[in-house]
Every structure is written in structure tokens, then in C-alpha cells.
Protein chains: 2
Amino acid sequence: MCVGKIINVDQDAFLDNMSYTNQKRNAGYRAAEYVEDGMVVGLGTGSTAKFVVEKIGERIEDEGLDIVGIPTSLETEKQAKKAGITIIELDEADKIDLAIDGADEVDPDKQLIKGGGGALLREKIVAHNSKRYIVIVDASKMVEKLGVDFALPVEILPRWTEGISDCVRKLGCEPELRISKGKTYRTDNGNNILDCDFEGIEEPKELSQRLASIPGVLEHGLFIDLTDLVILGNEGGFEELD
Amino acid sequence: MCVGKIINVDQDAFLDNMSYTNQKRNAGYRAAEYVEDGMVVGLGTGSTAKFVVEKIGERIEDEGLDIVGIPTSLETEKQAKKAGITIIELDEADKIDLAIDGADEVDPDKQLIKGGGGALLREKIVAHNSKRYIVIVDASKMVEKLGVDFALPVEILPRWTEGISDCVRKLGCEPELRISKGKTYRTDNGNNILDCDFEGIEEPKELSQRLASIPGVLEHGLFIDLTDLVILGNEGGFEELD
């Protein structure tokens with residue numbers, strides 16, 4: 001019985017993952033259709049965003065699509081290069097026409113939590129400076145309220161972590177310093193991440209401003225009023241929320 | 001005639017500087033009287049703050065004053081050690097009882113511009129986390145409106161300087177990347193500084209929030225609602241504004 005139960009759970013999880021992978025692919029492939037010849041495109045990071053890069057690669061091969069990509073991480077940069085996408089650095093761009101990225105949570109107002117992967121500062125700069133920002137998700141990322149199940153990542157200066165944590169805690173959360181492989185996690189800018197459990201965020205916009213005003217908080221994972229379009233992948237295709 | 005004129009200007013400037021130095025000393029010495037046995041004290045940086053360190057050193061020698069100092073720069077750390085002050089790093093402190101620092105501009109509401117020296121991130125963390133924050137200035141720093149004569153320093157991520165500058169410019173200023181000795185200036189956190197000429201800041205509190213919300217802006221020189229007491233040095237002594 002016990003063994004049977006474990007197998008059942010594993011099967012369920014396996015099927016769930018299969019399903020989410022389908023949804024992610026459908027969302028990512030659809031988003032890649034918004035890419036047009038001559039565009040500078042911000043390329044997101046993660047398990048959904050990788051399908052965008054995959055599809056753009058196919059379109060380059062099939063249609064001779066001619067674009068320039070700005071990757072938000074080293075991981076994406078590698079994949080994009082393999083896919084045949086011309087890559088430039090953020091500081092070489094004079095515009096970003098379109099950015100496409102995943103999210104950790106999306107609420108009904110298209111407000112997001114991002115930063116589970118730790119690249120939130122670069123991702124937010126790209127999102128903020130892109131003419132159009134498309135967010136692609138599977139059903140598991142859609143929430144009624146942000147921050148109930150997912151701890152908000154907050155990037156902080158790696159000095160006086162305790163003091164800065166206290167300031168963040170006063171906004172109504174339990175911050176935990178992110179640890180990875182037994183060591184304090186460092187972002188690609190050399191900073192630390194606090195994962196902040198708010199048990200639900202009532203006023204995302206206000207919280208965003210209050211977090212940004214704390215000295216030593218360099219960025220946080222609330223992406224407010226940035227999203228133009230959410231593409232929600234489903235089993236048969238996708239749904240667009242704008 | 002022409003030579004005489006130049007000499008007159010130099011004499012005026014010389015006398016002005018003498019006068020400001022007196023005022024700075026009077027403000028700094030007065031501020032040092034607020035330091036009490038057992039305190040953890042944030043030590044500011046610059047030509048006014050150095051008089052605080054000097055006076056604290058004298059009090060250690062004369063009265064056996066026993067305090068711990070947190071310097072906001074390497075320059076202050078060196079001076080404090082020479083003066084016999086026990087030094088700890090910001091991340092070793094579990095509280096800051098009092099911080100004393102200079103400012104580039106102070107308005108009638110005790111709002112400040114700081115960061116001419118480029119150490120604004122650490123200075124703001126110390127100011128924000130101190131139980132009491134005293135600002136010491138000479139008469140030349142008192143202004144009716146912030147940002148008329150002094151460009152607001154804004155610390156930014158050294159990536160896509162152009163893009164971040166554009167976002168800052170939209171708030172109504174002309175940002176200029178700080179250059180020092182022919183090279184792009186780097187803060188002690190490895191970031192860049194934009195000196196932003198607003199030709200007068202109408203709403204410092206609102207501007208502070210808007211700047212903080214720009215991705216890639218890590219900190220800025222507006223110190224809003226942080227100051228408990230301003231000590232304005234004058235020729236004969238000082239004036240306190242609280």
C-alpha cells in the first residue's frame with residue numbers, strides 16, 4: 001500500500017510536470033510569434049522562456065528571421081547563441097522593442113512576482129525599458145493574490161544584512177537570506193537575496209514603493225504596471241490576457 | 001587693475017574659506033558633545049565631519065569617553081583610528097545610537113542632498129538605521145530649495161548607463177555621468193554616479209520615491225525625513241534647528 005501510494009504520487013507529479021511543460025511550450029511558442037524582423041528582443045530566463053528562444057531559433061532557420069537578442073542571464077545567452085540568435089549586451093542596445101519572460105506569480109491585474117532565479121535586477125531593467133513586455137506562464141503561476149505561496153525575492157547590498165532585514169521585516173514579512181549549496185547566495189551583481197514571506201501581499205504597488213525606499217534594498221521582485229500582455233499556455237494552446 | 005582684481009577675488013575666497021572652516025569646526029565640535037559613553041556612533045565623511053572625529057578623539061583622551069564608531073568611508077576610518085576611536089564595520093553593529101554627518105544641501109524642512117563625495121549608499125544606510133541623526137553644516141549649505149545649485153547624485157548599476165540615464169532624465173533633469181581623473185567614477189560598491197541637474201527640486205519626497213522606483217537606480221542623494229537635528233555653525237558658535 002505504502003509503496004503503491006508513493007508510486008501514485010510520483011505518477012501524478014510526473015503527469016503534472018508533463019502538463020505544465022506542454023503549457024509552457026504553448027505559451028512560449030505563441031510569444032515567439034510576436035517577434036518581427038529587425039527587432040531588438042529581451043530574452044527571459046527559465047523553463048518557460050527557453051521555449052521562446054527555441055521557437056525564435058526555428059524561425060531564423062525557416063524564415064530567415066533577422067533579430068538581435070538581449071539575454072537576461074548567462075544560461076539564456078548560451079541557449080540563444082546555439083539557436084543562432086545574434087546577441088548583444090544590455091549596454092550595447094539603444095532600444096528594446098519587445099521583451100518576453102516568465103514569472104513566478106501573476107495576479108489578475110497582471111502584476112508579477114519574479115526573481116526566483118535571482119536575475120531580477122537585469123530582468124527588471126529589460127522589462128522597464130522595453131516598448132512591449134509579454135509574460136508567459138503555465139496555469140500554476142496564476143494566483144488571486146501575490147505572495148501567498150511564493151516568497152518575494154528582495155536583492156540587498158551584502159553589508160549589514162541583519163539591519164536591512166529588520167527594515168524589510170517591518171513591512172510585514174519574514175525575510176530569509178537565500179542560501180545555495182551551503183553558501184550565501186550571490187546574484188550576478190554580487191548582492192544577496194532575501195526571500196520574504198508576506199503570507200499574501202495586499203497592496204503590491206504600495207509595497208513596491210516602500211521596499212524601493214529602504215536604503216540597502218537594491219531591487220525587489222514585484223513587477224508593477226510593466227506587463228502589456230500575459231500569455232497563459234493551456235493543454236490545447238494558449239489564452240491571452242491584456 | 002586686472003591683476004589687482006584677481007588678488008581681491010583670491011583674498012575674498014580665502015577669507016570665505018577661513019570663515020566656512022570656522023563654521024564647520026563650530027558645528028562639528030558641538031555635535032561631538034551629543035556623543036555619550038557606550039554609544040555606537042555613525043561617523044560621517046568630509047570636511048565638516050572630520051571635526052566631529054577630531055573632537056571625539058579629544059574627549060577620549062581627556063574624559064576617557066568609551067564609544068564604538070562606524071565609519072562611512074575609508075578616509076573617516078583612517079582618521080578615527082588615529083584619533084583612538086574603536087572601529088567596527090557596519091555589519092558587525094547590532095544598533096547605531098547616533099550618526100553625525102555633513103550634507104551638500106539642507107532645506108528649511110531639514111531635507112538633504114548628499115553624495116557629492118560618492119559614499120551615499122553607506123551614508124544613507126547609516127542615517128536610516130540610526131536612532132538619532134545629526135547633520136552639521138556651514139552657512140553655505142543652507143538653501144531655500146534643494147537642487148538649484150547642486151546636482152543630485154544618483155548611484156546606478158554600471159550596465160546600460162544610457163538607458164538608465166534616459167529614465168532619470170524623464171524626471172526633469174540633465175544627468176551627467178561622473179568622471180574622475182579622466183575615468184568613469186566608481187563608488188566603493190563598484191557602481192556609477194549620475195550627477196543630475198534639476199535646476200531646483202519642487203517635491204523632494206515625491207522625486208525620492210520616483211527615483212527609487214527606476215530599475216537600475218540603486219540609491220540617490222535625497223535624504224528625506226531622516227534628520228533629527230541640524231547644527232549650523234557660525235562665526236561665534238552654532239545654531240540648532242530641530
Side-chain angles (χ1 to χ4, degrees), chain A residues 40 42 70 72 88-96 114-115 120-130 133 155-167 170 184 187-192 205-226, chain B residues 40 42 70 72 88-96 114-115 120-130 133 155-167 170 184 187-192 205-226:
Chain A
V40 178
I70 300 176
T72 51
I88 58 169
E89 285 292 316
L90 187 53
D91 49 12
E92 294 168 312
D94 58 357
K95 61 163 187 175
I96 309 173
K114 282 179 60 60
L120 67 94
L121 189 41
R122 207 202 276 205
E123 288 175 349
K124 199 183 264 191
I125 292 176
V126 168
H128 187 259
N129 291 287
S130 180
Y133 185 50
E155 183 161 347
I156 63 167
L157 196 75
R159 275 176 183 274
W160 216 37
T161 306
E162 275 310 307
I164 299 171
S165 296
D166 283 347
C167 296
K170 282 179 190 155
T184 302
T187 69
D188 53 4
N189 308 303
N191 303 313
N192 294 155
K205 202 179 280 195
E206 193 193 322
L207 179 62
S208 169
Q209 287 181 344
R210 295 184 70 184
L211 278 168
S213 297
I214 296 175
V217 167
L218 304 178
E219 202 41 86
H220 59 77
L222 281 168
F223 280 48
I224 301 297
D225 296 345
L226 290 175
Chain B
V40 178
I70 300 177
T72 51
I88 57 169
E89 285 293 316
L90 186 53
D91 49 11
E92 295 169 313
D94 58 357
K95 61 163 187 175
I96 309 173
K114 283 180 58 60
L120 67 95
L121 188 42
R122 207 200 278 206
E123 287 175 351
K124 199 183 262 190
I125 291 177
V126 167
H128 187 260
N129 291 286
S130 180
Y133 185 51
E155 184 161 346
I156 62 167
L157 196 74
R159 272 175 186 273
W160 216 37
T161 306
E162 276 309 307
I164 300 170
S165 295
D166 283 346
C167 296
K170 282 179 190 155
T184 302
T187 68
D188 53 4
N189 307 304
N191 303 315
N192 294 155
K205 202 180 279 194
E206 194 194 320
L207 179 62
S208 168
Q209 286 181 344
R210 295 185 69 183
L211 278 168
S213 296
I214 296 176
V217 167
L218 305 176
E219 200 44 86
H220 58 77
L222 282 168
F223 280 47
I224 302 297
D225 296 346
L226 289 174

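Chain naming here is simple, since letters A, B, ... match the order of the sequence lines and numbering starts at 1 in each.
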Checklist line | Test side chain to side chain donor-acceptor pair (under 3.5 Å) applied to B:Ser208 - qualifying residues, sequence neighbours left out | finding: B:His220
Item checked: For the student: nearest non-hydrogen atoms of B:Gly190 and B:Pro158, plus distance -> O-CG, 3.4 Å
Check: Most heavy-atom pairs under 4.5 angstrom with chain B, which of A:Leu218, A:Ile224, A:Asp94, A:Ile164?
Finding: A:Leu218
Item checked: Residue part contacting chain A, namely of B:Leu211, when any heavy atom lies under 4.5 Å -> neither
Next item on the list: With a 4.5 angstrom heavy-atom cut-off, could you sort out which part of B:Asn191 is near chain A: side chain, backbone, both or neither?
Entry: neither
Check: How would you list, by chain and number, every residue that makes a salt bridge (charged side-chain N to carboxylate O under 4.0 Å, His left out) with B:Glu92, sequence neighbours excluded?
Finding: none
Item checked: Residues that A:Thr187 engages under side chain to side chain donor-acceptor pair (under 3.5 Å), provided they are two or more places apart -> A:Glu155
Check: So what's closer than 4.5 Å to chain A heavy atoms on B:Glu219: side chain, backbone, both or neither?
Finding: side chain
Notebook entry, point to check: Can you check whether A:Ile96 reaches B:Trp160 side chain to side chain, under 4.5 Å on heavy atoms?
Noted result: yes
Check: Is the NZ atom of A:Lys95 crowded by more than 12 outside heavy atoms at less than 6.0 Å?
Finding: yes
Next item on the list: Pull out the residues in residues 120-130 of chain A that come under 4.5 Å of chain B, heavy atom to heavy atom, sorted by number.
Entry: A:Leu121, A:Arg122, A:Lys124, A:Ile125, A:His128, A:Asn129
Note to self: With rounding to the nearest 0.5 angstrom, report the CG to CG distance, A:Leu222 to A:Leu207.
What the structure shows: 5.5 Å
Note to self: Within the 4.5 Å heavy-atom criterion, are A:Asp91 and B:Thr161 side-chain neighbours or not?
What the structure shows: no
